[in-house]
Amino acid sequence: ATSAATSVQAAPPSGPGPLTRQVRGMRRDDPEQSVQRNVSDAFASFMRRLDDVYQSSATDPPADFRERLDHWRSVCGLPEAVHARMHR
C-alpha cells in the first residue's frame, strides 16, 4: 500500500515564479533591441573563441577585423568556409 503523501503529485505551477517575473520586469527594452543585443553578444563570443583558438600563433593578430580574419586564415589555418562567411 502506498501512503497518501507519496501518491499525491505536486500541482503544476499556476504561473511564472517570482524570479521569472523579476527577470521579465528587468527586460523592458524593445524586442528588436533584445534580438540585436543577442546577435551582438553571440558575435563577440565567437570572436573571443577564435582569439582563444588561434592565440598560440607566433605573431599577434592585427586589431582590424578584416585583417584579423585574413591573418587567421593565412597564418593559423582558419577554414576557408568560415573566413568567407565572416567577410560578408
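Because only heavy atoms are used, hydrogens play no part in the values below, and waters and symmetry mates are left out as well, while side chains stay in.
- Looking at R48 and S45, their side chains come closer than 4.5 Å, going by heavy atoms from C-beta outward.
- Applying the salt bridge (charged side-chain N to carboxylate O under 4.0 Å, His left out) test to every pair with at least one member in residues 62-71, sequence neighbours left out, gives these pairs: D51-R68.
- Residue-environment remark: CD (E32) stays at or below the threshold of 12 foreign heavy atoms within 6.0 Å.
- Residues H71 and Y54 have side chains not in contact (no heavy-atom distance under 4.5 Å, counting atoms from C-beta outward).
- When all heavy atoms of L78 and R73 are compared, the closest pair comes out as O-NH1, 2.7 Å.
- Taken from CE in M86 to CG in L50, the straight-line distance is 6.5 Å, to the nearest 0.5 Å.
- If you take CE on M47 and CG on D52, they are separated by 11.5 Å, rounding to the nearest 0.5 Å.
- Separation of atoms CG (N38) and CD (Q33) is listed at 12.0 Å; rounding is to 0.5 Å.
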